[in-house]
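Below is one structure; the comments refer to it alone.
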2 protein chains.
Amino acid sequence: MPTKSEENYIKEIYALEQKCNAEVSTNLIAEKLSAKASSVTDMLKKLSKKDLLIYQKYVGVKLNSKGREIALSVIRKHRLWETFLVEKLNFSWSEVHEIAEQLEHIQSEKLTDQLDSFLNFPTTDPHGEPIPNKNGEFTRIKTICLDELKEGNTGVFVEVRNDSDKFLKFLTKNSIIIGCSIKVIDKEDFDNSITIEIDDKQFSISEGVVQNLYLKR
Amino acid sequence: MPTKSEENYIKEIYALEQKCNAEVSTNLIAEKLSAKASSVTDMLKKLSKKDLLIYQKYVGVKLNSKGREIALSVIRKHRLWETFLVEKLNFSWSEVHEIAEQLEHIQSEKLTDQLDSFLNFPTTDPHGEPIPNKNGEFTRIKTICLDELKEGNTGVFVEVRNDSDKFLKFLTKNSIIIGCSIKVIDKEDFDNSITIEIDDKQFSISEGVVQNLYLKR
DNA sequence: ATATATATTTAGTCATGCCTAAAAATTTGA
DNA sequence: TCAAATTTTTAGGCATGACTAAATATATAT
């Protein structure tokens with residue numbers, strides 16, 4: 001059984017692998033986990049000895065199949081619990097991340113599977129992110145990032161790739177909620193911000209926001 | 001915020017206080033938590049410094065109001081989660097204890113309260129034990145231990161004070177389930193075992209079993 | 001090519017929560 | 001009452017998972 005700390009490292013390494021399509025560096029992990037690089041090195045050695053990842057000094061790290069399996073199990077639990085909190089306990093999508101960070105470490109395969117069944121085997125969580133099934137498989141819905149949409153075109157918002165409560169509260173305040181239609185009115189070259197229209201209201205959002213919003217393809 | 005370990009000590013001290021009506025000794029805590037007495041001393045000092053209990057060297061320990069509040073909060077969470085697992089996720093009463101031991105440490109008052117509401121504010125858990133409300137209050141149903149029932153009399157089984165899966169599986173196998181009627185047929189003086197009748201079937205149970213079974217008064 | 005900057009690892013430290021072994025306090029019983 | 005048994009505490013150690021500071025490896029730029 002991996003510890004909570006080990007699971008958090010593995011989960012983060014998995015996320016970075018997905019984003020970067022490359023070996024993950026010590027510093028990047030350290031930054032994401034708000035830890036020091038030396039602490040990361042310690043943990044990478046430990047996880048390597050436990051045969052959960054491939055660690056090459058000064059090069060980087062890559063999960064092996066055992067590590068990937070753990071990552072997917074933790075992600076599955078995280079997203080199932082988020083779904084439970086929103087659908088059954090009336091939480092908003094901006095409140096669930098922190099609590100799911102705790103619940104994702106509960107060890108009981110039966111619990112996870114019964115929860116999955118109780119929720120009717122959902123395929124996406126409240127943020128539109130895919131939920132791996134019991135075997136770690138999931139089909140990522142084909143999406144495009146909002147920044148790829150051309151001026152004048154409209155898309156349906158289906159996924160947000162940033163779980164922070166502040167970010168999600170900002171979206172909610174601006175009626176940017178899963179399922180809404182977003183029309184691109186104008187793109188600014190100098191700062192990559194764009195003006196969008198939702199429910200006949202127009203406003204501008206910065207590049208940092210745009211890059212986290214994904215539309216149905 | 002107390003750590004998981006601190007919460008477990010506080011919970012155990014609370015249980016022992018209830019059972020013994022006296023200061024709790026180091027050795028007793030050690031035995032219950034399968035730890036060494038020296039580890040217990042360390043923790044008692046720590047909890048005393050945190051002002052969660054009154055610790056007197058060589059005498060014993062007693063929770064103060066802050067400690068009691070924490071104990072009741074953990075017990076509340078434990079029993080709410082057990083209820084959730086049985087009522088919503090189709091677990092049996094013998095499977096839930098271990099999982100609830102993990103879930104009871106999740107820190108989110110809102111989660112606890114929403115769960116409570118989702119379950120319709122239950123007052124007892126699947127073992128018949130009372131669930132403290134948000135303010136830590138509960139009304140223990142008046143019960144008598146099965147060993148107090150006289151030969152020939154019948155009572156309704158409403159509470160079991162032993163959560164171990166082995167014990168509960170034994171009860172289930174013998175149709176001893178919450179709500180059933182138990183008639184005392186015969187009491188053996190030499191080993192305090194008794195013969196009971198449930199659903200027209202008679203069998204004998206040992207003193208150790210009898211002392212965990214409680215009937216409606 | 002090589003000096004400098006950056007990234008990474010190593011070495012040593014610390015708090016937590018556990019342990020063993022030894023010392024000290026308390027209780028028991030002859 | 002006082003020696004023996006028991007209980008409890010103290011002292012010192014260990015693994016985990018963090019840290020700082022120093023050393024080393026790699027990358028960059030002139």
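Per chain, numbering begins at 1; letters A, B, ... match sequence-line order.
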Counting side-chain heavy atoms from C-beta on, which of D:dT20, D:dA18, C:dC18 comes nearest to A:Ser38?
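Selected nucleotide: D:dT20.
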The side chain of B:Lys36 lies closest to which of these nucleotides: C:dC18, D:dC19, C:dT20?
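Output: C:dT20.
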Atom [atom1] of [X] to atom [atom2] of [N]: distance rounded to whole Å?
| X | N | atom1 | atom2 | result |
| --- | --- | --- | --- | --- |
| B:Asp42 | D:dT8 | CG | P | 15 Å |
| B:Glu31 | D:dT7 | CD | C1' | 13 Å |
| B:Glu6 | C:dA15 | CD | P | 16 Å |
| A:Leu44 | D:dA18 | CG | C1' | 14 Å |
| A:Leu47 | D:dT16 | CG | P | 12 Å |

What verdict does the salt bridge (Lys or Arg N to Asp or Glu O under 4.0 Å) test give for A:Arg161 and A:Glu159, after you've listed the backbone C-alpha separation in whole Å, the side-chain angles of each residue and the deciding distance to 0.1 Å?
CA-CA 7 Å; A:Arg161 294 195 190 161; A:Glu159 182 180 355; 3.2 Å; yes
Exercise: identify the closest heavy-atom pair between A:Leu72 and A:Tyr14:
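Closest heavy-atom pair between A:Leu72 and A:Tyr14: CD2-OH, 3.5 Å.
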Any side-chain donor paired with an acceptor under 3.5 Å for A:His127 and A:Asn162?
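No donor-acceptor contact under 3.5 Å links the two side chains.
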With a 4.0 Å limit, can you tell me whether B:Thr3 has a side-chain N or O closer than that to the phosphate oxygens OP1/OP2 of C:dT16?
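Looking at the OP1 and OP2 atoms of C:dT16, neither is under 4.0 Å from any side-chain N or O of B:Thr3.
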Look at the side-chain N and O atoms of B:Tyr9 and state whether any lies under 4.0 Å from the OP1 or OP2 oxygen of C:dT16.
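Negative; the distance criterion is not met.
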If you look at every strand shown and take non-hydrogen atoms under 4.0 Å, does A:Ser5 touch a base, only sugar-phosphate, or nothing?
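The residue A:Ser5 makes sugar-phosphate contact but no base contact.
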Tell me, please, whether A:Phe118 has A:Lys88 positioned over its six-membered ring: NZ or CZ under 6.0 Å from the ring centre and within 45 degrees of its axis?
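Judged by the rule (NZ or CZ under 6.0 Å from the ring centre, within 45° of its axis), A:Lys88 counts as positioned above A:Phe118.
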Partner of B:Thr83 under side chain to side chain contact (heavy atoms under 4.5 Å, CB included), chosen from B:Leu115, B:Val96, B:Asp125
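Of B:Leu115, B:Val96, B:Asp125, side chain to side chain contact (heavy atoms under 4.5 Å, CB included) with B:Thr83 is met by B:Asp125 alone.
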Could you run down nucleotides 3-8 of chain C 5' to 3' and tag each one B, S or - for protein heavy-atom contact under 4.0 Å?
----SS
Could you check A:Arg76, A:Lys11, A:Lys77 and say which one makes a salt bridge (Lys or Arg N to Asp or Glu O under 4.0 Å) with A:Glu104?
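Testing each of A:Arg76, A:Lys11, A:Lys77 against A:Glu104, the sole residue satisfying salt bridge (Lys or Arg N to Asp or Glu O under 4.0 Å) is A:Lys11.
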